[in-house]
Amino acid sequence: MPQVIIMPTVTSSEQTCLDETATFGLGTLTIDHPPGSFAVTPASRITLEAVGRCQSHLRGKGVDWGCGSGVLTLAAARCSGVETVIGLDIEPANIATSRSNAVTNRVHNVLFLEADSFVTLATADAPMLTVHQGQFDFLIANPPASDGDDGFGFRRRVLRDARGWLKPGAACLLSISYQYGSERIDRLTAEIPGYTRESCAASTDWVPFDLSRPDLWDCLLQYVAEESRGGLPYEFVSPADSSSHPMTAAQALNHFERTGQSPLTKWQTFLFRWHGMDA
């Protein structure tokens, strides 16, 4: 099964170096991710590709929801039409790492704030965020899987919570990988009115949903539990034949237990547009 190389990178245990090809002309980036902060994952790399491909949609003021180590914030801040980008993350280690990465990469038009979604966790930081309420021209988000539900909850929360912070016409780049299933993705704009989905901004080819990664193994078990509760099915494809009918999460788990082969998915980022509640 052919696989794509998602991004040209040089990676150590605590640092990822991205060249100009990887950032689609937005310059080299050196991203530290010490223990306690997020590394640059395949999902964040495809969202970085989306940032590069969608530079014409990114201008003015932007926000990076769940900024992790800051790679997407820093890349977006280098787009020619961008004034400033605010990175938000609930983890203090991620905010500290992002601030350090901004200094390392000499990106000055960024601000990183510790926040639970759009609610700052330090009282003194609140005015630095609230002054932008209703003023963001774009949003970027590569959220992790959520716990205790179908794994899609943070994707819903991003769009729901952002509604009071975006200008009408704002572009929203949201990471949603293939395995969540077409029906779950299609329902997103119906569940959260005011948005339209415009396109898939960036996608890998078929790649393994690498079940040697503990986080992805936990996700698959959560998906199986959701299907057993009567939730919408997930969609994977067989590593033996990507043209075959999609497998559910339960079928993917069964296949892995029999063969040791991880099922296939695509890391993808979609472009949504906020039109406002009255649109």
Measure from the side-chain N and O atoms of Glu227 to the backbone N and O of Ala249, and report whether any donor-acceptor pair falls under 3.5 Å. yes
Is Asn101 reaching over with its side chain to a backbone N or O of Asp32, donor-acceptor style, under 3.5 angstrom? yes
Side-chain donor or acceptor of Thr189 paired with backbone N/O of Arg197 under 3.5 Å: no
If we ignore hydrogens and angles and just use 3.5 Å, is the side chain of Asp137 paired with the main-chain N or O of Lys61 as donor and acceptor? yes
Counting only heavy atoms not in Phe38 (residues, nucleotides, ligands), do more than 12 fall under 6.0 Å from its CZ? no
Is Arg184 reaching over with its side chain to a backbone N or O of Leu232, donor-acceptor style, under 3.5 angstrom? yes
Is the shortest side-chain heavy-atom distance between Leu188 and Phe270 below 4.5 Å? no
Once you round to the nearest 0.5 Å, how far does CG of Leu111 lie from CD1 of Ile95? 9.0 Å
Is Glu49 salt-bridged to Arg45, cutoff N-O under 4.0 Å? no
Which pair of non-hydrogen atoms, one from Ala115 and one from Ser117, has the smallest distance, and what is that distance? CB-O, 3.5 Å
When every non-hydrogen atom of Tyr178 is compared with those of Val237, the smallest separation belongs to OH-CG1, 4.1 Å
Less than 4.5 Å apart, side chain to side chain, heavy atoms only: is that true for His108 and Arg106? yes
Please check this pair: side chain of Ser175 against backbone of Asn142, looking for a donor-acceptor N/O pair closer than 3.5 Å. no
Treating Arg155 as the side-chain partner and Pro144 as the backbone partner, does any N or O pair qualify as donor plus acceptor under 3.5 Å? yes
Please check if Leu221 and Phe236 belong to a single hydrophobic cluster, counting links between Ile, Leu, Val, Met, Phe, Trp and Tyr side chain heavy atoms closer than 4.5 Å. yes
Could you give the distance from CZ (Arg78) to CG (Asn109), rounded to the nearest 0.5 Å? 10.0 Å
So, do Pro35 and Glu14 sit near enough that their side-chain heavy atoms are less than 4.5 Å apart? yes
How far apart are the C-alpha atoms of Leu72 and Leu173, what are their side-chain angles, what is the distance that settles it, and do they pass the side-chain contact (heavy atoms from CB on, under 4.5 Å) test? CA-CA 11 Å; Leu72 301 177; Leu173 291 174; over 6 Å; no
Between Thr196 and His275: side-chain donor-acceptor atoms closer than 3.5 Å: yes
Are side-chain heavy atoms of Ile31 and Leu74 found at a separation under 4.5 Å? yes
After noting the C-alpha distance and the side-chain angles of Lys167 and Gln135, does the key distance pass the side-chain contact (heavy atoms from CB on, under 4.5 Å) rule? CA-CA 5 Å; Lys167 287 182 180 179; Gln135 297 300 310; 3.6 Å; yes
Using side-chain heavy atoms (C-beta onward) and a distance below 4.5 Å, is Phe138 in contact with Trp274? no
Working note: Cys172 + Leu166, criterion side-chain contact (heavy atoms from CB on, under 4.5 Å); need CA distance, chi angles, decisive distance, verdict. CA-CA 9 Å; Cys172 303; Leu166 300 174; 3.7 Å; yes
Apply side-chain contact (heavy atoms from CB on, under 4.5 Å) to the pair Arg258 and Asn254, showing each step before the final yes or no. CA-CA 6 Å; Arg258 287 188 295 104; Asn254 179 265; 2.9 Å; yes
Are Arg213 and Pro42 packed together at the side-chain level, in the sense that at least one heavy-atom pair is separated by less than 4.5 angstrom? yes
Taking the side chain as everything from C-beta on, heavy atoms only, tell me whether Leu159 gets closer than 4.5 Å to Arg163. no
From CA spacing to verdict: side-chain hydrogen bond (donor to acceptor under 3.5 Å, both in side chains), Thr269, Thr47: CA-CA 6 Å; Thr269 298; Thr47 309; 3.0 Å; yes
Atom OG of Ser56 and atom CG of Leu58: how far apart are they, to the nearest 0.5 Å? 7.5 Å
Can you hop from Val119 to Trp165 via hydrophobic side chains spaced under 4.5 Å? no
Report yes or no: does Asp89 contribute a side-chain atom to a donor-acceptor pair with the main-chain N or O of Gly68 at less than 3.5 Å? yes
Leu18 side, atom CG; Thr28 side, atom OG1 - distance, nearest 0.5 Å: 9.0 Å
Shared hydrophobic cluster, Leu216 / Tyr223 (ILVMFWY, side-chain heavy atoms < 4.5 Å): yes
Stacked cation flag Arg160 on Tyr195, 6.0 angstrom / 45 deg: no
Could you measure the distance from the OH atom of Tyr234 to the OG atom of Ser177? Nearest 0.5 Å is fine. 10.5 Å
Greater than 12 external heavy atoms within 6.0 Å of Arg229's CZ: yes
Which heavy atom of Phe112 sits nearest a heavy atom of Cys67, and at what distance? CD2-SG, 3.8 Å
Nearest-0.5 Å distance that lies between atom CG in Asp210 and atom OG1 in Thr265: 12.0 Å
Taking all non-hydrogen atoms of both residues, which atom of Gln222 and which atom of Ser146 are closest, and how far apart? NE2-O, 2.7 Å
What's the shortest heavy-atom distance between Pro143 and Val158, and which atoms? CG-CG2, 4.2 Å
Is the shortest heavy-atom distance from the side chain of Leu211 to the side chain of Pro263 under 4.5 Å? yes
Linked, directly or transitively: Leu121 and Phe154 (ILVMFWY side chains, under 4.5 Å): no
Nearest non-hydrogen partners of Val110 and Ala102, listed with the distance: CG2-CB, 3.8 Å
Kindly say whether Phe24 contributes a backbone atom to a donor-acceptor pair with the side chain of Gln55 at under 3.5 angstrom? yes
Same cluster or not: Met128 versus Phe136, using hydrophobic residues (I, L, V, M, F, W, Y) connected whenever any side-chain heavy atoms lie under 4.5 Å apart? yes
Between Thr97 (side chain only) and His33 (backbone N and O only), is there a donor and an acceptor less than 3.5 Å apart? no
